[in-house]
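Data first, discussion second: the structure below is written as structure tokens.
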Amino acid sequence: MTEVSWLGVRERVAAIASAEASQKVFGTSGHRFVLHPVLAAAELVDLEQVIGARLPEEYRAFLLEVGNGGAGPGYGIERVERTTDGWQWTGHGVTTAAKLGVPFQPFDQQVYAEHDAKRPVESDFPDHGSFMEASRAWVQRFDDLHDEETFGAIALSHQGCGYYWLLVVSGPEPGTVWDDSRAADMPLSPLTDPAGQRLTFERWYLDWLTRAEAAVASADGA
């Protein structure tokens, strides 16, 4: 296993933060190029014991060496915190911490099509009350499916407009980053490079950092 090092990343983020043109980078309003304090090694051990899964190596190293969320793609990396309900990822997305050990397995879109075909029709019910009860159950089942599809993955970063990036924790492709654009009725899909290789957390984050540096340099030189 290749050892992951995030040496110099905090300094690169700080350099962007100090530049007047940093506001030109998309999502700055969400994180302002601030990195939260890193997790202590003991905290990471406790987190993984609680969720029942080992986090991907690149992300683990990021939490220990760079920061527990903050500056990053989109509106920033979501923070993980110990709450009265246990460890939770905070932010816009929904991460089911207790299910991170479940293999990540995006649904065939037929699953949603079959559910949609079961949408209640009021004329099939004896009264409005029973129709409304069935409708609520139908909506709840859709919400449950929406959550179940991302079991085994962390809602890593909010892209805006209900779109997210996910980090796979369990299953055949741990450490890969996926696009969640289901708000636009698009299926979950892995991020890939021009050669078609899956992007892992390190590549995804460093590519963003390089683009942010280039955007700031371009704006400063304009």
Criterion side chain to side chain contact (heavy atoms under 4.5 Å, CB included) on Leu166 and Leu156, from CA distance to verdict
CA-CA 5 Å; Leu166 308 176; Leu156 190 61; 6.0 Å; no
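- Note that CG of Leu35 and CD of Glu65 are 12.5 Å apart. Values are rounded to the nearest 0.5 Å.
- Shown here are the side chain to side chain donor-acceptor pair (under 3.5 Å) partners of Asp179, two or more places apart in sequence or in another chain: Gln159, Ser181.
- Screening Trp208, Trp204, Tyr205, Tyr75 for a ring pair (Phe, Tyr, Trp, His ring centres under 6.0 Å) with Trp165, the sole residue that qualifies is Trp204.
- No donor-acceptor pair closer than 3.5 Å links the side chain of Arg198 to the backbone N or O of Pro190.
- The shortest non-hydrogen separation linking Gly171 to Pro174 is O-CD, 3.2 Å.
- A single hydrophobic cluster is seen to contain both Leu39 and Val50, as judged by linkage of ILVMFWY side chains at heavy-atom distances under 4.5 Å, directly or through other members.
- The ring of Trp178 has its center no closer than 6.0 angstrom to the ring center of Tyr163.
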Are Glu149 and Leu188 close enough, and set up right, to give a side chain to side chain contact (heavy atoms under 4.5 Å, CB included), and what steps lead you there?
CA-CA 9 Å; Glu149 189 174 18; Leu188 298 178; 3.7 Å; yes
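- Once rounded to the nearest 0.5 Å, the distance linking CD of Glu78 with CG of Asn68 reads 11.0 Å.
- Separating the CZ atom in Arg203 from the OG1 atom in Thr192 is a distance of 10.0 Å, to the nearest 0.5 Å.
- Residues Ile51 and Leu55 come closest through the heavy atom pair CD1-CD2, 3.9 Å.
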Determine whether Leu47 and Val80 satisfy the following criterion, side chain to side chain contact (heavy atoms under 4.5 Å, CB included), listing intermediate values before the conclusion.
CA-CA 9 Å; Leu47 166 62; Val80 59; 4.0 Å; yes
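- Taking both residues in full, the closest heavy atoms of Thr200 and Glu58 are given as OG1-OE1, 2.9 Å, listed atom of the first, atom of the second, then distance.
- The two residues Arg10 and Val38 have their closest heavy-atom pair at NH1-CG1, 4.5 Å.
- Here the side chain of Glu114 pairs no donor or acceptor atom with the backbone of Val111 at under 3.5 angstrom.
- For residues 44-54, every residue pair satisfying the side-chain hydrogen bond (donor to acceptor under 3.5 Å, both in side chains) rule, not counting sequence neighbours, is listed here: Asp46-Arg82, Asp46-Trp87, Glu48-Arg60, Arg54-Glu57.
- Distance alone, capped at 3.5 Å, places no donor-acceptor pair between the Thr95 side chain and the Ala97 backbone.
- Side-chain atoms of Asp207 never come within 3.5 Å of backbone atoms of Leu209 as a donor-acceptor pair (strictly under, hydrogens ignored).
- A donor-acceptor contact shorter than 3.5 Å links the side chain of Trp138 to the backbone of His115.
- Proximity of a side-chain donor or acceptor of Ser157 to a complementary backbone N or O of Pro73 within less than 3.5 Å is detected.
- Checked for salt-bridge contact, Lys99 and Glu148 miss the test: no charged N lies under 4.0 Å from a carboxylate O.
- By the criterion of side-chain heavy atoms lying less than 4.5 angstrom apart, applied directly or through intervening Ile, Leu, Val, Met, Phe, Trp or Tyr residues, Leu206 is grouped together with Leu199 in one hydrophobic cluster.
- Side-chain heavy atoms closer than 4.5 Å link hydrophobic residues (I, L, V, M, F, W, Y) into clusters, and following such links, possibly through other members, connects Leu64 to Trp6.
- Atom OG of Ser170 is separated from atom CD1 of Ile154 by 9.0 Å, given to the nearest 0.5 angstrom.
- Across all non-hydrogen atoms, the minimal contact from Ser130 to Phe125 is OG-CB, 3.6 Å.
- Proximity of a side-chain donor or acceptor of Ser218 to a complementary backbone N or O of Ala214 within less than 3.5 Å is not detected.
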Let's go through His128 and Met132 carefully: what are the C-alpha distance in whole Å and the side-chain angles of both, what is the deciding distance for side chain to side chain contact (heavy atoms under 4.5 Å, CB included) to 0.1 Å, and is it a yes or a no?
CA-CA 6 Å; His128 183 69; Met132 290 303 297; 3.3 Å; yes
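- Between the side chain of Thr83 and the backbone N or O of Gly86 there is at least one donor-acceptor pair closer than 3.5 Å.
- Minimum interatomic distance between Leu145 and Phe107 (heavy atoms only, all atoms of both residues): O-CE1, 3.3 Å.
- Criterion: ILVMFWY side-chain heavy atoms under 4.5 Å apart, direct or through other members. Under it, Val177 and Val66 are part of a common hydrophobic cluster.
- With ring centers used as reference points, Phe201 lies under 6.0 Å from Phe62.
- For Glu122, the CD atom sits in a packed shell: over 12 heavy atoms of surrounding residues, nucleotides or ligands are nearer than 6.0 Å.
- Annotation: side chain of Pro56 is in contact with side chain of Val169 (closest heavy-atom distance under 4.5 Å).
- Within the 4.5 Å cutoff, the side chain of Val121 has heavy atoms near those of the Asp124 side chain.
- Cluster annotation: Tyr59 and Leu100 are assigned to the same hydrophobic cluster (Ile/Leu/Val/Met/Phe/Trp/Tyr, side-chain heavy-atom contacts under 4.5 Å, transitive).
- Remark: the backbone N or O of Glu81 is not paired with any side-chain donor or acceptor of Gln88 at under 3.5 angstrom.
- Among residue pairs with one or both ends in residues 22-32, none qualify as side-chain hydrogen bond (donor to acceptor under 3.5 Å, both in side chains); sequence neighbours excluded.
- For the atom pair CG (Leu191) and OG1 (Thr176), the distance works out to 8.5 Å, reported to the nearest 0.5 Å.
- Tyr164 places none of its side-chain heavy atoms less than 4.5 Å from the side chain of Arg182.
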